Every structure is written in C-alpha cells, then in structure tokens.
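All remarks here apply to the structure that follows.
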Amino acid sequence: MFGNLFEEEEEGGFSSNPSKGRVAKGGDEPPPPRGRSNLCGIKNQGGTCYLNSLLQTLLFTPEFREELFSLGPEELGCLEDKEKPGAKVRVIPLELQRLFASLLLVDQQSASTADLTESFGWNSSEGTNQHDVQELNRILFSALEHSLVGTASSTFIQRLYHGTIVNSIVCKECGNVSQRQEDFLDLTVCVCGVSCLEEALWNMFVEEELFEGNNLYRCAQCDRLVTAAKSAKLKKLPPFMTMSLLRFSFDFAKCERYKETGRYSFPLTINLRPFCEQADGEDSDYSYELFSVIIHKGGCYGGHYHVYIRDIDQLGQWEPSEEECKPKTQKKVKEEVKDVCEPKVQENDPLSVLSTIIAQEPSKSVLMDQLGQKLMDKIGSSWNKKFRKHYGPIGKFLQSHNDVFLLVSNGTRVALKANLPSPVTEPSGPPDRTTNFDRSTAPETQAAEQQPGPDQKPEPEQEGSHWFDFNDCTVTSIRESDIEKQFQGKESAYMLFYRKTQLHRPNEALNNPQYKVPSHLIQMAQEENIKMQKMRENFEATNNTVELRLHLAPCYRLENGALQPANKEQNRSTTLSFDRRKTVGDLRLAIYQMQESWEGDMALTLAKSLPAGLHLYNTLTDDTVSLYSAGIYTNSDLFVWNGREVCGATILTGAEWEPVLLTVVRPFVEAGDGVECEEGKEGFENGGPGLKREARGFAGGATLRELKEALGESVESLLCQEHKKGKIAEQGAGEGGGASGWRVFPPDDMQRTLKELSLKDGDALLVLEPQSFDSSVFTLNGDVVTVTTPSDCRWLQVEFRPHGGRAEGEKEEERRKIKVPATGNMLLCEVKERAIEELQLQEQTSGAQYCLRQVDCTGKLFPPVCEELSVRDAGVRLMTTLTLCPGNAPKASQLFLHFSVGTVPSAGLEMDIIVEKTCTVKECLRAMLDAVGLDGTCWHLRRLDWCEEVGEPLIDEDASLLELKISSGETLVVTEGQLPPKGFLKLSVWLYLDPQNTETDFNHTAPSHAEELEVVTAGETCSHSAPLCGSNMAQLKRVGQVEISDEATLEDLKTQVLTLPALQNVCAPTTAFLRVWQLEGQRLARILRGQQLTLRKLKLTSGADLCVQQLLKEEDLGPKEVLLHLKMRVPGERFYYPPEELVWDASRDSSPRSLRTCLAAHYCLSPDSLLLAKHHPDKHNWEEISNWSQQASKKKKKRAESLLAAPFHLKDGDTIGIKNLLIDNNRDFMTLEDELGQQRLREQAEERRKGGQAAGSDGAGLHKKAGHTKSRKPEVALSINVGVFR
C-alpha cells in the first residue's frame, strides 16, 4: 500500500549516508578504530539504514546470535566453494556469521554489509532504495528459514519469534464456540486513536466485537443468523515479542499518505497475562522487558532509521554524554536526584496515582469510601472514566496489587506496604502490573514509602541496563529517559522488541564478545585486526611525512618583480622528506646539516611558484611550533635565505606584492614600403594584425604609473586593457574578417595597483603612442581602441589540386595558386567562382564538382567547407590557403564523414560520404554499406578514439548524428558483428571551460570539434562579484557520452574520456591532470576521488552527468581534502578580488580553527584577523563561520566541531568569502549582485503566490498542488534470493 515509503526526503534534510561517500587516496586509508562506546556501527550503502537497524537488533539478541554461531561449516558449507558446481553453500547465514563476528571482534568504527547484501542477490542500485524495516524483518527471517532447511537449527526462528493467536466466535444463543489459530511473527498494533501500547493490546485481545443488528453471525450449531461475540487471545507466547507500530496511514478523503506523530507511550516492562488465553502460569511466563526500539525519523515519503538497544551482555563501554560531564550540569543532576526522591503524580499510571495519594496523607492511609473523591481531586477524572476499562473496579485493582497496598480496619482503609519493590529493578511483578515508561515512575513510588536518610545516595544504574543509539556508523551512549523522547513527533518509535524476563544470561557471557563465537571466525577477526593495525601504523607514518622543496637564495635573482633561477639549466629546488610533527627548529637544524657551507643567519620563508616566478610570503620565526601547526604540508616550497636580500636586491614579501605575469602588446614596425621586418612578421603571427607580444612580470602592489615607467614608455603613451566580450568586438568587426577591442585606462587608474585593478596572470595590456592612431589599424572611439585587419590583408589564397589530396602523379605545374580578394562577409561559393574564373578552369570544371578545403601545416586536408556560409561564419581566416579539390561540398544541414570497413583506415585511404545531420546511425550505416556494396545486418558503427584506434560503438542506432554530437570530418569504422550487449554505464561528459581562456581567436587554424556542442552555465560556479573581479562565470560544454563498465576504475574512465573527439585538443600528460566532477542539476556537486576505485564503489549510475576539468598540475585529492573557491573582499568595497582555488586538508581537523589557520597561512595573515563566510548561490546570501573562541563561549550553543557537518556542510566547489578585519571591520559579505538576486527571488515568490491564489479562486487548487508534487522513484519490491537446500 505504501510502496517505497522511505525514499530520501529532501525537504526534511534526512540523509541515510552521513559520511557522503568520501573515499581514501587510492583506497588505502585504514578504517578508524572503535569509538568510546567500544561498539561497532554499520556503514550505510546509500539507503540501507533500515537494514542496519535490524541487524544491530539481531546482533544484540544473544539467543539469536548464539543459535547462528552454533552452525558449523559441515552444515553451512564454505564460502570458498560457492562457485563450485553442485556445491550446497548456505551463503546468507555464512555471510551473517561473518558480519556478526566482525561487529563483535574487529577493531573498526563500522563494518560493511556489501557481502551480505550481495548474498541477498541485490545489485548496487538496491542499496540506494529504502524499504520498510517491518517488511525486511519478515523477509529476512523467511530467507533464513529457507536457508537452514535440513540443519540442526532449522527451526530456531520458529522457536524464538513465532507465537500463536486464537480467534474465537461465541454464539450468544447456544454458547457454541468456533475457534481458529494463526501463527504470528510480530504483532502489528494500531497507533491512530490510541494513547499507549497497553490500550492497543486491550483493544486487540480483551475487547469483544459484537455481531448484531444487520451484521449477524451464522452459527453452525443453530443453523441460523444469531448474535455473537468475536475476540482474540494470545495462546502461545514466544521468547521474543516484536511489536510493529502502524504509524503510516492513508487519508482517503485527501488521497494522501501521512504519518501519525501523536504521543504513543510504551512500557519498559509489560505483563501480557490479561491478553492470554491461559493465565494460570507463573508471572515470569508473561513478563517481558524492552531491549530494542527501532526509530523512524522523517515523513511518510522519506526519512532515516536508527535504533536504541539495551546492551544485555555488557559488551559496550557506557559513558555519560559530554554535556552531563560538564561541571555546569552538576546542579541540574542534583535537582534531578531531588525530583526522584519526591513523589510525583503520573496520571496515566493508576499504581503511581494511588500510591502518591496515600503517601501524601499524614496517616499514610485513606478511607476506601474517600479514595475515589481524592482521586477525582488529584487528576480531575473518576476511576470509572479513566481506568476501569483497562484495570477493572478499583477494589479489585487494590486486591490484585497486594504487594503494594494493604487493606486495614476490616477493609475500610487502604495503606502502603513498607519496602515497596521497584518495578524497574524487579520486573517480574504481579499479573496486571505494567511499568509505563513515564519519567521515574518506580523511584517515585518507592520514595513515597521509603524516605532515604541523609547519607543515602541514589542507586546507580544497573550494568545490564545501559542503552546505546546505533545510527549507522555512529554509536553513542544514551539513558533510559531518552526513550521517552521517541513517544511522539516526526522522530518516533516504529518497532519494539521485548524479551522474556526469565531469559537470564550466564556470567561468562558478560563482557565477553568471543562467547560462543566459532574459533575460525575468531581467528579471522584476529588476522583482520593485525592487518588493520599494520595499515594504521603505515598510514600514520606516511601521512606525517611531507615532501618539502627547498629553494636556496644563491641560486636565484630578482627579475621583473619575482625571483628567477640564476641558471635556467640547473635544478632550482632540493627535495627534503621530513616529519611534520617535528618543530621548525628541527627543520632549520636539518637544513644547516645539509648546507655545511652556509654562513650567517638562515631564514625559512614559505614560497609559491607562480607564472611570473617564485614569490615569498610569511617567514617561520617560532622554532618551537611543529610544521603542522605552522601550516606546512607536502609539496610546500621553502625559500632559504638571510631574510633581508637576494643578490643585493631587497625582496618584498606578502600577498599584496604577489607578482602578476602580463602580456605586453605593442605595434610592430614596418621595415619599408610594403615590406615588413622579421620581427614584425613574428609579432603579427603571435599578436594579431600589426601587434607583437611580450610576457613581463610585475609586482602586484605596483601601480600602473610604475608599470609604465618600468616599460620605459613616455608619459603621453596610452595603456589599454583587452575586452574579450561585449559589444566592443562587434563594433570593431569590419570587412577584414575580425577585430579586437581594447579599453583605455582612465588617468585615475594610474595610481591604482595591479591587484586593485584585478589584473591576473595572462591578461594583456596594449601600449600605444599617440601617433599610432594615424594608422588605419588603430581607431580610438571614446575610451575604446579598435584594432582592425589592414586592408591589404583582405585576401584568400586558393590552390588548385586536380587530383585532390593525393600527391602521386600530380605535377607541380598542375598545382596552381591564385590570390582572391575576400572579406569576412563574402560567401565561400563566391570565393570558389572567382578562383575558378581567375585560374581559367571553366572548361576543365565543366560538369565536374569541386569544393574548397582547408589544409594544415602538414598538408593534410580538412573536410570541405560549407559554401553556403560566409568566410567568417565558416571559421576561415583571411590570408590563409584554401585548396580547390574534386568533390562535393556539404550543405549547412549535412555532414562530411570519413569511413572505412573493418579496420582503422590508413592515411588517405578512407572513403568519404555526405549525410544529413538528422539521419540516424542506422541510416548512416546503411548508406555506407551501399556505398561499398556490402549487404547484411551484422554490422555496426564505431568511432575512432584519440589514439586513432577503433573506439566505442554507437549503441543507440535510432539516435541522430546531431544528437550524438558527430561533427564534420570525423572518421567512423564499419565493424562486422552485432552491437555489444548493454549493461555498461552510459555517462554524459561535459567540459569545464574557463571563459578567460576560451574566447574565439580569429587566428585559429583548425576547425573546432565542439563548435555545435551545447554550452550551459554551471550554477555552482557562478560569480556574483563586481566588475573588479572580471568575469568568473564558469561554463560547461557538452562533449559527448562514454559507455564503460561499472567495474572500471576512475583512471580508466579518465582515459576513455580523453578519447572523445571533442577532447582531442586537451593535453593531459597523465590522467592525474584531469579533475572529474559529478554534476547534479548542472551544478558541480562532488569530485570523484581515488584513481583505482571502481565506478561502482564511487556510486556512479547510468545516466549520470560528469564534468572534466583540465589541470595545470597533477592532483590526487584525499578523502577529506576539500576544494574551496576563495574570494578575498576588497577593503571598503562591495566586491571581491578574483577567486582562487584552495585544497583544504580536513582529515586531521575539520573545525573552523583549522580552516582559518590554513587560510591565514595562504594569505600570510594572522588567523585572528580573518572573518569567513560561506556563500549560498541559490539563496544569494552568506553564512558567517564564527570564530572558534566565540563558538565555545556561548552557553547554550554547542561548539561546531566540524565544518563538514551541520550547519555548514562544506563540500567541493563551495565559495568562502574572506575579510581582513585589520583593515575592514565591516562584517557584511553581501554584494550588489547578491541584493539583486534576492530581489529576484522575492519577485518570483510573489508571482508564485499570486498565481496560486488565482488558481485557488478558479477551483484549480487540487491541480496546483498536484503540479508541485515531487517526482519520486518507482516503487520497488523488497526481496531476498535464497538457494534450494531441500
């Protein structure tokens, strides 16, 4: 009825995977040891919290655990033989044995259920589906019963959990009784309209249902319709009683599901005698005690399970919570002890109410005829109205509790007996007595009779009554009083597990996790512990060894604002491996020993290699701090010098003087009339028409005026910054086929520094003298300089090749060339007509088809250009060569493809074909087969990879070439054989674009493979900064799809991604130079880590979107290394400096203090001077990350121990805003773009509200509500596959 009830609920924020799937570097990080509780949790596979809760309950059911361990290999078989044909291996109980042994004996924080779920027959996607824990309980027990057929313990589930209910119908006419027995595994009790478990059981097993009126019963003995009464009783009680609470219901009026969240209490101990058919046994036969409560947190469509369990065998180490250990709470504890010693009325418990009334009387007794009135005065209700239904008349209740009450004065008075036993400590009470778990019922009742003396202390909690909260990987200690919090609310009890109080544990089982565990499983656990200990020792040693790069001052000189190697050929740095737990003084001593010839003082300064050169930041002055505290990590650069100068030059250190590598552009000089010098020619090729470029480094704190002086330019010269976007380029685009626009810096900017102007590495500056505008190349319009193509450069050269691209048999005189005047707007068909006319080829080309093709520097021909397009639209540069060859030119709606049959084509031997872009793969294959005269259906198409080898097949034969992003010039291979079977992951691949490096260059020679690929903006990386930051709007370009097995590694995925045609120009020496993101809703969600981890372990599913980002250096992120985007606030302004990336290692410490220390080392500032905030781009606001000292000083607010957890949940790609409080004490992080974004959100919300009101007024409210319903996964049935063992 409820289907997949427990799918994750986004709006509730409940996650079944708290660890978020972080993996270790290379998968070699050892699992952490057990926590303070000394108990082991279970890892969540994505949605298996329901399974984890049930498994922990079964583990802490000693009788179940010991029955399972009693089965040996002779009955169950061996897991090593499960693949052997004919072998009967009972895999499920074997895997359950191993899991239980691991949970009991292996020193790890959490165990995996992957092997167990694999034995269930579940695939990787089943681990992400959530199900009802009650359904799992029944299916798992059924699977175990089927798996154990023919063994000595084949009936242990029946013995431990199965009971019997007898249903009776009594004829009111003749008294005939009709009975029917039914077996039960658990009791499903009603929650709706019921206040407690006892009331629900009373309604089920005590209340009778009458058949009367129109609903009569046909009596077999009377042979007619008669009045009858139907009832049910418990006939056989199992040792373990399971109660399932019906908290999920369906509202047929509203046609929606809902969860019952009202108060529903249940007792710690319960006596089932009133609900049994036979009630003449001992009290212990009917008395049960609670030992497990499975809790559901969330709504009816999603949530999370965890479980409270009582440690019966005392296997765990119970400790009070940190809050209770604080001295501030001692007063509260004393107050609680005081409350325990004072009588307190529990209105739902008649035993407590009557005991309190009698105890408060001076004579410690009450007249029987006055007891009813005193009860009315105490609780505001009479006995008959409040308790008679459940407990019978008050006189009978007092007599049945003769161990508590004593009738005196010939039964006219009632008093309390002395030494009242506690219902909690002595659960085997009288028949009708139940201990409602309302706070401190038993101690209060006892206190009414037995007042403690002045030296009397509250009795400590019993050893066996320790409770723990098992929440997937986490195990924490709780108190019995915490169970009361699960009576009601969105997080409330869902399943209750009781055990008979007569089940006692032997002393040797207490504090002994090895009790009755088979020896081979103990040995397996011991070997696993030894292996883990070695892994942890090796990991600890490796994790604390850092590789430092030492740069010695004598090997460097100051040039262009940065340190440059004095000898280009000499190795610039020395590598030193050092333990980061040692101090800076130890490091200095080690360097002294390495450099015996060093004289004088030695300063160690953190440095960084930048494009402009090496730059110095903060100097390590405190020799007592460790390298870890000093912010030194592996691959850190350290500059060794005297702390004052290098080769006589004073060094400016700090982030404000960080050098910037700029490209200085100048006009080149012509040597004579119409003849240009070699310098100008080279500059023209590199810098554009009439320009030459030079890379120069400058200090970031230098002003534009100082920059101009360093270049040796006159005061009248102009400095311009290139505009890569906007209308400037459009205005400058003239007949020459292209233009570039530059903005002149205003005079006020001459006093601003390069950092303030947001100039970054690679930015171009144009230097012009006033007389440069006399030329037609440079045009000044306001503050915009336009550089246009010279008029004498508006031509295309056409070379005629009568034999196409083949050189054999082609004479040099046949290859004629001609220059054709052309502009960017001229159609290519006009260029071809002019070339044919000037080459006088009209007669030779009569009746033959010719086309124009571009050629690269090696002479290889590119696909024919579309003659319907202009020179500019076709991407053809002016002053280049086109080849006139035989062949047809494709239209704008067509593709020109190369193909071969069977193997990779040799150079020049592939065949060509022109097909429509909208034709399907099947139609394209048929056209190719017809072209070569082949027939049959056992053929399919494959692409070539980047190694020019046969690559992936085109699986979807009904998809069009346009949908598959096949572009002109690609080579397809017609391969014999059917398409490979499906079952691989089909992943969409996007390319991460830096807009500052992806602008259109009109000098680009090769046509782009991705010209028609979809480009979208990545929502996660949108910049909301002011123009000072420049454009930081990252874009994603779709580059294709890959199909790959889920058993392939991440490294295999990167390698296959590089074979995509659109990524052939991406240069990556190794796969470590690629970063792979997983996209969620076009947002960069997480970075895939672990080169050797399989895609299955990375939780990748078919249809996922991946984004590939090219890196400038190798990267191998650890499990808790977080990639953050840092944005430093410009002091006194409402915008930020350009963002930069930082990898923060949160493996040791993920607190705000650790992040602040890391950022302080990065910016060479004091940690106390930094103010941090996290940006939420979807809400356009900033969430301040408080200082750790402020966080700890708040009385009622817990210290935020980890930024990876609530409320910040820092993850890859998050933006961190930074303020330097020394120069900017404004704590506001908002920008103008944030305010505009919030205004848009308010307007959209107002529009939705108005739209909703309009829909409601038109009677369409139901449809509106339905339209906003969240799409949910299809409902999947839960099943466990079991072999046949009969």
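Keep in mind it's a predicted model, so treat the numbers as computed, not measured. Side chains included, hydrogens not; waters and symmetry mates left out as well; all remaining heavy atoms used.
- With sequence neighbours excluded, no residue forms a side chain to side chain donor-acceptor pair (under 3.5 Å) with Q1244.
- Partners of R1075 by side chain to side chain donor-acceptor pair (under 3.5 Å), not counting sequence neighbours, listed by chain and number: Q1109, E1115, E1141.
- Shown are D763, T703, L704, V660; of these, the side chain to side chain contact (heavy atoms under 4.5 Å, CB included) with L757 is made only by L704.
- Annotation: salt bridge (charged side-chain N to carboxylate O under 4.0 Å, His left out) contacts of K1054 (sequence neighbours excluded): none.
- A side-chain donor-acceptor contact under 3.5 Å links Q1238 to the backbone of H1180.
- Contact record, S629 with T1157: O-CG2, 4.3 Å, taken as the closest heavy-atom pair.
- Exactly one residue among K1174, R1086, K1127, R1083 makes a salt bridge (Lys or Arg N to Asp or Glu O under 4.0 Å) with D1214. That residue is K1174.
- Residues meeting the side chain to side chain donor-acceptor pair (under 3.5 Å) test with N618, sequence neighbours left out: none.
- Of the N and O atoms on the side chains of S1154 and S1151, not one donor lies less than 3.5 Å from an acceptor on the other residue.
- Taking the side chain to side chain donor-acceptor pair (under 3.5 Å) definition, one finds that H1162 meets it with E1140, sequence neighbours left out.
- Note that CG of L1221 and OG of S1169 are 6.5 Å apart. Values are rounded to the nearest 0.5 Å.
- Ionic pairing of R1134 and E1235 is present here: one or more N-O contacts between side-chain nitrogen and carboxylate oxygen are shorter than 4.0 angstrom.
- The backbone N or O of R1240 lies less than 3.5 Å from no partner atom in the side chain of E1243, so there is not a single donor-acceptor pair.
- Of the possible polar contacts, one joining the K1219 side chain to the D1228 backbone as a donor-acceptor pair under 3.5 Å is found.
- Going from atom CG of N1220 over to atom CG of L1171 covers 10.0 Å, rounded to the nearest 0.5 Å.
- For Y305 and Q130, the side-chain atoms include no donor-acceptor pair closer than 3.5 Å.
- Side chain to side chain, T474 and N471 fail the donor-acceptor criterion of an N or O pair below 3.5 Å.
- Between the side chains of H296 and K490, no donor-acceptor pair of N or O atoms lies under 3.5 Å.
- The ring pair (Phe, Tyr, Trp, His ring centres under 6.0 Å) contacts involving residues 1211-1238 comprise W1182-F1229, where partners must be two or more places apart or lie in separate chains.
- Panel note: side chain S1150, backbone A1146; no donor-acceptor pair is recorded below 3.5 Å.
- Under the side chain to side chain contact (heavy atoms under 4.5 Å, CB included) criterion, E1080 pairs with A1085, sequence neighbours left out.
- Judged as a ring-ring contact (aromatic ring centres under 6.0 Å, His included), and not counting sequence neighbours, Y628 has no contacts.
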Next item on the list: Step by step, work out the salt bridge (charged side-chain N to carboxylate O under 4.0 Å, His left out) result for R1089 and D1212.
Entry: CA-CA 11 Å; R1089 293 163 162 79; D1212 296 323; 2.7 Å; yes
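- Side-chain contact between E658 and L610: present, with at least one pair of heavy atoms (C-beta onward) separated by less than 4.5 Å.
- Interatomic distance, CG of L1050 versus CG of L1088, reported as 5.5 Å (0.5 Å rounding).
- A donor-acceptor contact under 3.5 angstrom links the side chains of H306 and E491, judged on distance only.
- For E656, there are no side chain to side chain contact (heavy atoms under 4.5 Å, CB included) partners two or more places apart in sequence or in a different chain.
- Qualifying salt bridge (charged side-chain N to carboxylate O under 4.0 Å, His left out) partners for D761, counting only residues two or more places apart in sequence or in other chains: none.
- Note that the CD1 atom of I1185 and the CD1 atom of I1216 stand 4.5 Å from one another [nearest 0.5 Å].
- In this structure, L1124 CG and L1159 CG are separated by 7.5 Å, a value rounded to the nearest 0.5 Å.
- Put simply, the side chain of K259 gets close to the backbone of G298: a donor and an acceptor are under 3.5 Å apart.
- Every side chain to side chain contact (heavy atoms under 4.5 Å, CB included) that T621 has, sequence neighbours left out, goes to T619.
- Partners of D1105 by side chain to side chain contact (heavy atoms under 4.5 Å, CB included), not counting sequence neighbours, listed by chain and number: S988, W990, L1079.
- The neighbour count for L1112 CG, taken as heavy atoms of other residues, nucleotides or ligands under 6.0 Å away, does not exceed 12.
- Judged purely by atom type and a 3.5 angstrom limit, D748 has no side-chain atom pairing as donor or acceptor with the backbone of Q751.
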